[in-house]
Amino acid sequence: MIGRFLEVFPTALAAFILVVLLLQTMVYVSAIIELRRIRQRDRHQLWRRTLSSPLSPRISVLMPAYGEELTITSSTASILALTYPNLEVVVINDGSADATLERLVEHFQLVPVHPVYRRVVETADVRGIYRSEREPRLVVVDKDNGGKADALNVGLNVASGELVCAIDADTLVAPDALQQLVAPFVSDPDVVAAGGTIRLANDSAVRGGRISELVVPRSWIAGVQVVEYTRAFIVGRLGWNALGGNLIISGAFGLFRRSVLLDIGGYEHESVGEDMELVVRIRRHRYEIGQPAKVVFSPDPVAWTECPESIRTLARQRNRWFRGLLDVLSRHRRMIFNPRYGTAGTLAMPYFLFVEALAPFVEALGLIIVSIGLAAGWYSPSDVAILATAILAGAGVSMLVLLCDEISFRSYRGSKSRLRLAALAVAEQVVFRPLTVVWRLWGFKLYLQGRTEWGAQVRRGFRTE
């Protein structure tokens, strides 16, 4: 029995890799077509009109904050400095134990107002609502601690905008990002959610809440994440646009129709992957009521964040991401392969099941069996050539994505930066990916235990000038 298993395993592994490659090729080809289509239109014309029009849709930026006393005033000020004509900023202090609220009160001259709002979504108790005497667009909510999802739900209740944009307190947003992100809503009333590109700002210079000098991070652990993020957004998210299967809007930077979020009860408290869960629940609900909704990705709006640079912090992040994926697939399992849910059910959900959820188990089993088999003489090097081919293919795809990013966006300047990114593309496949397999398997163990904590996320902070 074991001998038969060892005999057929390379063939089975090759078949699985082939299926994954075919699914990825489908998304990659779609991404290239979509990127070309976007570049052929005047992508700036619409958002320039929204910049000058007081009739632009009102956007409420929701910014949950917990323990952010060191950066909360600068983060809030940078959001208020965005060049959008009809903006409201709602900062939600989620029961911080430090001086987050006091810093906001002092800096923006906040005064308490009567807390009048419709409590459409049930949340933890609100302690008070404040308005700024010098910045009328700012609202600050102080509430009992309830977690990020609960804080965002309070923001949904208090906000006055027809569109809401969820932004992390440690995220920097490009000045024109909201104009670009609102464009799909203006041009197509069926759009219910839109996401922009998240890029990494580790070691890059920040001046006045803006990126003044973009560099490839010095540490390899941050550098490979630059490659990973570029591939995930420029190809992964963009590729699903034409296919109609977008299921993720990054929790760090996304725009939604507020009425749609209220219809489904806001953010889910019990999910550690609340950003993906929210989008999947939106799409599921809209299909079930006979109103399929468009979720789009736009590569031009950019927000900047800092990725973890310690193995321990990164491991916590990745095992949480995997727990979130498993939770979403479990909660919405009736969508998988179900034609009732359109492309989301017949293509996107199966893709995330095979390419994202099952992959670490197959990869781990393959690495273990092949390593033992080579050492024991069960296999010859030619028997496992498929693994080397897969690794080379992965590195080649990453380099192709970096080339597309260079041609379309010119994110990183200088031949030295480009060569370093090419080397990091190889390091990602050879070193980083096996590490993510271990972290995701750890996440699977915690998921079976019902663990929903996020774990401490230690940040180094932006390099300011």
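Not measured: the values here are computed from a predicted model.
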Without hydrogens or angle criteria, can the side chains of Asn86 and Arg58 be said to hold a donor-acceptor pair below 3.5 Å?
yes
Tyr130 ring center near Phe108 ring center (under 6.0 Å):
no
Report the residues that fulfil side chain to side chain donor-acceptor pair (under 3.5 Å) with Thr230, sequence neighbours left out, ordered by chain and then residue number.
none
Nearest heavy-atom neighbours spanning Ser219 and Glu309:
OG-OE1, 3.2 Å
If you look at every heavy atom in Glu277 and Glu268, which pair is closest and at what distance?
OE1-CB, 3.3 Å
If I compare all heavy atoms of Leu421 with all of Leu402, which pair ends up nearest, and what's the gap?
O-CD1, 3.7 Å
Is it true that Thr123 and Asn153 share a donor-acceptor pair across their side chains at a distance under 3.5 Å?
no
Below 4.5 Å, heavy atoms only, C-beta onward: do Leu156 and Val120 meet side chain to side chain?
no
Arg286 side-chain N/O to Gln291 backbone N/O, donor-acceptor pair under 3.5 Å
yes
Does the side chain of Gln179 pick up a donor-acceptor pair with the side chain of Thr83 at under 3.5 Å?
yes
Distance-only, no hydrogens or angles: does the Asp203 side chain make a donor-acceptor pair with backbone N or O of Arg218 under 3.5 Å?
yes
Might you work through the side-chain contact (heavy atoms from CB on, under 4.5 Å) test for His107 and Ile72, ending with a clear yes or no?
CA-CA 10 Å; His107 186 83; Ile72 189 61; over 6 Å; no
Check: Glu306 main-chain N/O paired with Asn202 side-chain donor or acceptor under 3.5 Å
no
Using every non-hydrogen atom in the two residues, find where Val401 and Arg231 come nearest and quote the distance to one decimal.
CG1-CA, 3.6 Å
For a salt bridge (Lys or Arg N to Asp or Glu O under 4.0 Å) check, start with the C-alpha distance between Glu122 and Arg119, then their side-chain angles and the critical distance, and finish with the verdict.
CA-CA 7 Å; Glu122 287 299 315; Arg119 191 169 178 172; 3.7 Å; yes
For Ser60 versus Gly161, what's the shortest heavy-atom pair and its separation?
OG-N, 2.9 Å
Parallel under 30°, tilted from 30 to 60°, perpendicular over 60°: which one fits the rings of Phe233 and Phe297?
tilted
Between Arg318 and Thr436, does any side-chain donor sit less than 3.5 Å from a side-chain acceptor?
no
Are the side chain of Ser298 and the backbone N or O of Leu181 linked by a donor-acceptor pair below 3.5 Å?
no
Looking only at non-hydrogen atoms, find the nearest pair between Gly443 and Phe322 and report the distance.
C-CD2, 4.5 Å
Could you work out, with side chain to side chain contact (heavy atoms under 4.5 Å, CB included) as the rule, every residue matching Glu133, not counting sequence neighbours?
Gln109, Val111
Of all residues at least two apart in sequence or in a different chain, which pass the salt bridge (Lys or Arg N to Asp or Glu O under 4.0 Å) check with Arg258?
none
Answer yes or no: is there a donor N or O on one side and an acceptor on the other, between the side chain of Arg283 and the main chain of Asn246, under 3.5 Å?
yes
Could you label the plane-to-plane angle of the Phe432 and Trp439 rings as parallel, tilted or perpendicular, counting under 30° as parallel and over 60° as perpendicular?
perpendicular
Please confirm whether the backbone N or O of Gly146 pairs with a side-chain atom of Asp94, one donor and one acceptor, at under 3.5 Å?
yes
Do any N or O atoms from the side chain of Asp327 and from the backbone of Arg323 form a donor-acceptor pair under 3.5 angstrom?
no
Main chain of Gly266, side chain of Arg281: is a donor-acceptor contact present, judged purely on distance under 3.5 Å?
yes
Indicate yes or no for a side-chain donor-acceptor contact from Asn241 to the backbone of Val296 under 3.5 Å, with no hydrogens or angles considered.
no
I want to check something: taking the side chain as every heavy atom from C-beta on, are Ile282 and Ile264 in contact at a cut-off of under 4.5 Å?
yes
Within the 3.5 Å criterion, strictly below it, is a donor on Tyr351 or Gln24 matched to an acceptor on the partner's side chain?
no
Would you check if Tyr447 and Ser330 make a side-chain contact, meaning some heavy-atom pair closer than 4.5 Å?
yes
Would you say the side-chain atoms of Gln225 pair up with the backbone N or O of Pro308, donor to acceptor, closer than 3.5 Å?
yes
Residues Asp98, Arg103: salt bridge by 4.0 Å N-O rule
no
Could you check whether the rings of Tyr287 and Tyr341 sit parallel, tilted or perpendicular, using 30° and 60° as the cut-offs?
perpendicular
Are there over 12 heavy-atom neighbours, none belonging to Glu288, within less than 6.0 Å of that residue's CD?
yes
